[in-house]
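Here's the structure we're looking at; comments come further down.
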Amino acid sequence: MNSVALFGARIVNKFTCFLVISRKFCDHSGHVGEVHDGLNCIEESLTKEWESSDFDSATVEKPGFYDHECSEGHFSVRRIFVDNVKFDAGRILEILQRDGPGFDAKLALSESGIRVSGILVREVLLGILRNVDYANKTRCAKLGYKFFVWSGQRENFRHTANTYHLIMKIFAECEEFKAMWRLVDEMIENGFPTTARTFNILICTCGEAGLARKVVERFIKSKTFNYRPFKHSYNAVLYSLLAIKQYRLIEWVYQQMSDEGHPPDILTYNIIMCAKYRLGKLEQFHRLLDEMGRSGFSPDFHTYNILLHVLGKGDKPLAALNLLNHMKEVGFDPRVLHFTTLMDGLSRAGNLEACQYFFDEMINRGCMPDVVCYTVMITSYIVAEEFEKAQGLFDEMIVKGQLPNVFTYNIMIRGFCMAGKFDKACSMLKEMESRGCNPNFLVYNTLVSYLRNAGKLSEAHEVIRHMVEKGKYAHLVSKFRRYRRC
DNA sequence: AGCCTTTCGT
C-alpha cells in the first residue's frame, strides 16, 4: 500500500523543478507562441515515435532516453514538452491513488484540467505498470482500468492499439486474465488489428501448453493478425515463443508451417535450430543446419552465435577457434556477443582455461568486454572456485567503467558464500543497494539459502527481515524453504 | 526491408 502512495509522489518530486525552470524559460524568452507551436509539433512527432516503439520498461528507463534529441541544450522545446507530460502524469497518478470511498477519482481527473494526449496516457499507464507488485495488484488493475476508461471518454482522445496493449499488460501483470481477454475482444470489435505485440502479451500469460497452443492456433489462422515487421505470421509467432522458451510449441508451429507448405527463411531456421538445441536434440539441429545450407541459406550472425554456443557447451574450443577464424574470412567479424556465448558455453562445460583463453583472445582482437562478458568470465572463475581471480576481475570491470549489474552481484555473493565469507557476501548486498542496483528475489535467495545451509539461521533471518522491510517479495518468503534441502 | 542471438544451477 505504501508503494501505491509512492508512485505518484516519486514522479512529481523528480520533475517539479524542471517544470518550474521550463515555465520561466517560456516567460522570459518572449517567444511563448513559438514554444506552443513547437510543443504541438513535438507532441505529434513523439506520439508517432512512441506509438511505433515498444513499451518495455527497459527501453523507457534507459538513461538518456528522453534526452536523445536535445543537442540544442538542456532546455530544448522537446525536453520542456516531455517534462510537462511527466508532470501531468505524476498529478494523475496522485489523483488515482487517492481514489476510494469519499473520493471520486474520475471526477477529480475531469476537474484537473489536464489535457489528455497519447503520450500522457502512455506515461500514466507505464507509471502504474512499473509499480505493480504482489501486494497492490488488484488495486493497480482497478485504477489502471479506471484511468483507461476515463481517458477514452475525453473528446480529443481516442485509444490506440498501443494503449490497449498497455492496459492489457497491466491486467496481465495483475493476473486479471479474464479482464485481459475481454479487452482483446473489445479491441477486435473496435476494429484494431491484433499485432505481434498483442500475441506476445497473451502468450506470456499462458501457463499451460494446451492454452498456449490454442492462442497460437487462433493467431496463425486469424485474418486480422497484423504480423509485421515479420515476413509472415509464423515467424512472428515463433519469435514470441522463443522469447518465452516454449520450445515444444516452436516444434509444433514449425510442423504446421511445413504442413501448410510454407518454406522457412533464415529467421525460421535460426529459431528452430535454437529450439532443437535447447531441447537437447543435437542430431536434428545438425540436420537442420545441413538442410539450411542445401536450401541456399548461409549462416548469419545469429546462426554463428548459436553454433558457437553449441561448440562451447560441447567443450570444443579448437573447433570454436576455427569457426571464429572462418567467420572473419567470410566477413562476419565476431563481436563481444559471439565471444560471450562461446565463453558461457565453455564455462558450463567446465573448461576454465579455454574460457580465459577466449576472453584474452577477444581483447587481443580489439573487442572490449561488456558487463555481460565480465559476468560470464567471473562466473567461470567462481564455478572453478578461483575466488581471488573472480574478485580481481570484478574490481577490474569497475575500473574499466563497466557497471556490475544484478547478475554480477548475484554471482559475487554466491562466490563469497561458497568461500564461506558470509560477512563479505552480506556487505556485497549492501554495496549493490548503495550503488542503486536493486537486488531481486534471486539475490536474496542466494544469500539466504547459503546462510541456512551453513546453519547461520539468525543471519538468514536478518536478511529476510531486511528484504521484507523494504516492502519487496514478502509474498515469496515461503519460497526460500524450497532450496533448504538442496 | 524490417524481425532473431549473450549473464542469476537444477
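Throughout, a chain's letter reflects where its sequence line sits, starting with A, and its residues are numbered from 1.
Across the protein-nucleic acid pair, A:R278 atom CZ and B:dT10 atom P stand 14 Å apart, rounded to whole Å. Rounded to whole Å, the distance from CG on A:L307 to P on B:dT5 is 16 Å. A:R348 places its CZ atom 4 Å from the P atom of B:dC8, with the value rounded to the nearest Å. The nearest whole Å value for the distance from the CG atom in A:L346 to the C1' atom in B:dT7 is 15 Å. Nucleotide B:dT6 holds its P atom 18 Å from the CD atom of A:Q402, rounded to whole Å. Here B:dT7 presents its P atom at 15 Å from CG of A:N440, a figure rounded to the nearest Å. As a whole-Å value, the separation of A:I266 CD1 from B:dA1 C1' is 16 Å. Remark: C1' of B:dT5 and CG of A:L289 are 15 Å apart, rounded to the nearest angstrom.
When the nucleotides B:dG2, B:dC8, B:dC4 are ranked by their closest atom to the side chain of A:N270, B:dC4 comes out on top. In the set B:dC4, B:dC8, B:dT6, the nucleotide with an atom closest to the side chain of A:V372 is B:dT6. Side-chain proximity of A:L337 to B:dC8, B:dT6, B:dC3: nearest is B:dT6. Nearest to the side chain of A:D300, among B:dC8, B:dC4, B:dT7, sits B:dC4. Each of B:dC4, B:dT5, B:dC8 was ranked by its minimum atom distance to the side chain of A:F407; first place goes to B:dC8. Here the nucleotide nearest the side chain of A:P229, chosen from B:dT5, B:dC8, B:dC3, is B:dC3. Of the candidates B:dG2, B:dC3, B:dT6, B:dC3 carries the atom nearest the A:L267 side chain, counting heavy atoms from C-beta on. Considering only the side chain of A:H302, B:dT5 comes nearest among B:dT5, B:dC8, B:dT6. Listed nucleotides B:dT7, B:dG2, B:dT6 differ in distance to A:N405; the shortest reach to its side chain belongs to B:dT7.
Between A:F192 and A:H159, the ring center distance fails the sub-6.0 Å criterion.
Put simply, the residue from A:Y304, A:F301, A:F358, A:F332 that forms a ring-ring contact (aromatic ring centres under 6.0 Å, His included) with A:H338 is A:F301. Partner A:R122 forms a side-chain contact (heavy atoms from CB on, under 4.5 Å) with one of A:L120, A:L126, A:L125, A:V124 and no other, that one being A:L126.
Proximity of a side-chain donor or acceptor of A:N131 to a complementary backbone N or O of A:G127 within less than 3.5 Å is detected.
Residue A:F301 is in base contact, counting any heavy-atom pair closer than 4.0 Å across all strands shown. Nucleic acid contact for A:T379: none, since no nucleic acid atom lies under 4.0 Å from a heavy atom of the residue.
A:Y134 carries A:K137 over the face of its six-membered ring, with the cationic atom under 6.0 Å from the centre and within 45° of the normal.
Taking only distance into account, the side chain of A:N445 never meets the base of B:dC8 through a donor-acceptor pair shorter than 3.5 Å.
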